[in-house]
Amino acid sequence: MAGQPDRELGMTPPGADHSTDSYLPRNGNGGYRVLHYDLDLDYRIISNRLAGKATVTAQAGQSLSRFSLDLGVFRVEEVRVDGRRVTFTHRAGKLRVKPDKVIGYGAIFKIEVRYAGKPVPVSGRWGDLGWDELTDGVLVASQPNGSPSWFPCNDRLEKATFLVRLTVASPYTVMVTGDLVSRRRGAGSTTWVYERTEPTAPYLMSVQIGRYEQVELASGAVTQRAAIPPRLRALFRHDFGRHGEIMGTFERLFGPYPFREYVVVVADDDLDDPVEAQGMAVFGRNHLDGRRTHERLVAHELAHQWFGNSLTVADWRHIWLNEGFATYAEWLWSAASGGASADTHAARWHIWLAGQPADVAIANPGVGRMFDPLVYKRGALALHAVRARLGDAAFLPMLRAWTAENRHAMVTTEQFRTHVARFTAEPLRDLFTAWLDRPALPPLPRAGA
């Protein structure tokens, strides 16, 4: 706030400063918000060397005599603030900057960072996150805190716009979350330029580099395309053959697709799980088998474009709003495509949950349980319980209003409770308390679909 004394931003203890996330208090930095990232990158695949110039446009939320950014294990060559070279330190993932004069409250300023080195993923309780080498290329999957592995950022859930220029050897295709602005081929290398005009959290920015063939994924009002290893073309055509139908079903259920295009990348490596980024989903070659075995995951990742990417949680404790909704979307697609009904899925997973320890309250599962299957499945069951209470005549308009009213915004569990209450005169406190706030498993809800 204006008038508060300066402090070492980004290192405040948990609970003392809401500028950082309650689950990841060392990530993100207080005192300012980023409006735009301009990244000019050059990557050498064989040597795994990334050189970059990042221009970060920010607005001060208080008087700043110093501030910090998140950045991984690179050599920082120079930092400028509004064109002037400034002093800085870089250690333990924090780039601490001291401008040559105090930045006033409300002022918009630009930070230029030149850096280079061998990018490595951020290691932690969820494995290696961020920039990761494939057998022949690169995959970037940053959820929840891998973004500093490839660019200096305020690694919070707060959203900004992006412009990314990336130069690589010409045999490789580059896919970046955003709209392709241009592609310029030079002597042995090609510069790809992508723009992300919709507000985007840093963890949802992604880069995919590989020897890919680009194909149309599905026709329709939304551009849907894919980048795949050429030898997997036939398997891909079959396994993703109903993608246009999935998109149409979700637009009917959730409202218009929130971005201009959707891109699927199939890496020529095995991946444990698919990952989504803004306007993009990444699968491994092991997710193609010619039998649509993993079609539920295709639906799950597409659903995240509404729940997680357009509507982004304001704090990681609300993660069920991403994963519970995307899991329930799997059940909705199953019913719409002639498979098992949502009631059938709910019954199966209720039995499974009944056999697990009842030790997670999904409204706040704790940092160690953020990605626990209980959060996914019980989150979906909580939505099914809301549907059973409201009935489809109110439930579906409620979903569409939730996505429309919060398009490209930040959301919380409390906002969702308040939102649902608008669609029924019946009190819902007991439902939300039982399903979201208490670990004990409530009885099976039945929505009749």
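Please read these numbers as outputs of a predicted model, since none were measured by experiment.
- The distance from the CZ atom of Arg96 to the CZ atom of Arg91 is 5.5 Å, given to the nearest 0.5 Å.
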Practice item. Could you walk me through whether Thr413 and Trp320 pass side chain to side chain donor-acceptor pair (under 3.5 Å), step by step? Key: CA-CA 9 Å; Thr413 300; Trp320 84 276; 3.0 Å; yes
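- Formation of a donor-acceptor pair under 3.5 Å by the Glu251 side chain with backbone atoms of Tyr257 is found in this model.
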Using atom types as modelled, flag every donor-acceptor pair under 3.5 Å from a side chain in residues 428-435 to any protein atom, sequence neighbours excluded.
residue	atom	partner	partner atom	Å
Asp430	OD2	Arg389	NH2	3.3
Thr433	OG1	Arg429	O	2.8

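- Formation of a donor-acceptor pair under 3.5 Å by the Asp70 side chain with backbone atoms of Lys94 is not found in this model.
- Two residues are said to be in side-chain contact when any heavy atoms from C-beta on lie closer than 4.5 Å; Thr249 and Leu332 fail this criterion.
- Aromatic ring centres of Tyr172 and Tyr43: separated by at least 6.0 Å.
- Formation of a donor-acceptor pair under 3.5 Å by the Ser334 side chain with backbone atoms of Ala340 is found in this model.
- For the pair Thr403 (side chain) and Arg400 (backbone), a donor-acceptor distance under 3.5 Å is present.
- Asn286 places a side-chain N or O within donor-acceptor distance of the main-chain N or O of Leu271, the cut-off being under 3.5 Å.
- In terms of modelled atom types and a separation under 3.5 Å, the side chain of Lys118 and the main chain of Val73 share no donor-acceptor contact.
- Heavy-atom neighbours of Arg292 CZ from other residues, nucleotides or ligands within 6.0 Å: above the threshold of 12.
- Every residue meeting the side-chain contact (heavy atoms from CB on, under 4.5 Å) condition with Asp315, not counting sequence neighbours, appears here in chain and number order: Asp21, Ser22, Arg317, His318.
- Using a distance-only test at 3.5 Å, with no hydrogens or angles considered, no donor-acceptor pair links the side chain of Tyr212 to the main chain of Val174.
- To the nearest 0.5 Å, the span separating CG on Asn309 from CG on Leu204 amounts to 4.5 Å.
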Practice item. Could you check Arg165 against Asp42 for salt bridge (charged side-chain N to carboxylate O under 4.0 Å, His left out), going step by step and ending with a plain yes or no? Key: CA-CA 8 Å; Arg165 289 173 293 275; Asp42 184 284; over 6 Å; no
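- In this structure, the side chain of Thr177 engages the main chain of Ser206 through a donor-acceptor pair within 3.5 Å.
- Atom-to-atom distance recorded for Tyr194:OH and Leu163:CG is 12.5 Å, nearest 0.5 angstrom.
- His243 and Phe240 have parallel rings, their planes meeting at less than 30° on a 0 to 90° scale where 60° marks the start of perpendicular.
- Note that the CZ atom of Arg387 and the CG atom of Asp343 stand 7.5 Å from one another [nearest 0.5 Å].
- No donor-acceptor distance shorter than 3.5 angstrom exists from the side chain of Arg156 to the backbone of Gly30, with no hydrogens or angles considered.
- Distance check: His384 NE2 to Leu444 CG gives 6.5 Å after rounding to the nearest 0.5 Å.
- At a threshold of 4.0 Å, the pair Asp269-Arg285 does not count as salt-bridged, since none of the basic side-chain nitrogens sits closer than that to a carboxylate oxygen.
- One finds the CG atom of Leu232 at 10.0 Å from the CD atom of Glu213 (value rounded to the nearest 0.5 Å).
- Ring geometry for Trp131 against Trp150 counts as tilted: the plane angle lies between 30° and 60°, on a 0 to 90° scale.
- Between Phe307 and Phe325, the ring planes lie tilted relative to each other; the angle falls in the 30° to 60° range.
- In this structure, His419 and Trp402 have tilted ring planes: the angle between them lies in the 30° to 60° band.
- At least one donor-acceptor pair under 3.5 Å links the side chain of Ser147 to the backbone N or O of Tyr203.
- Aromatic ring orientation, His300 versus Tyr376: parallel (interplanar angle below 30°, classes split at 30° and 60°).
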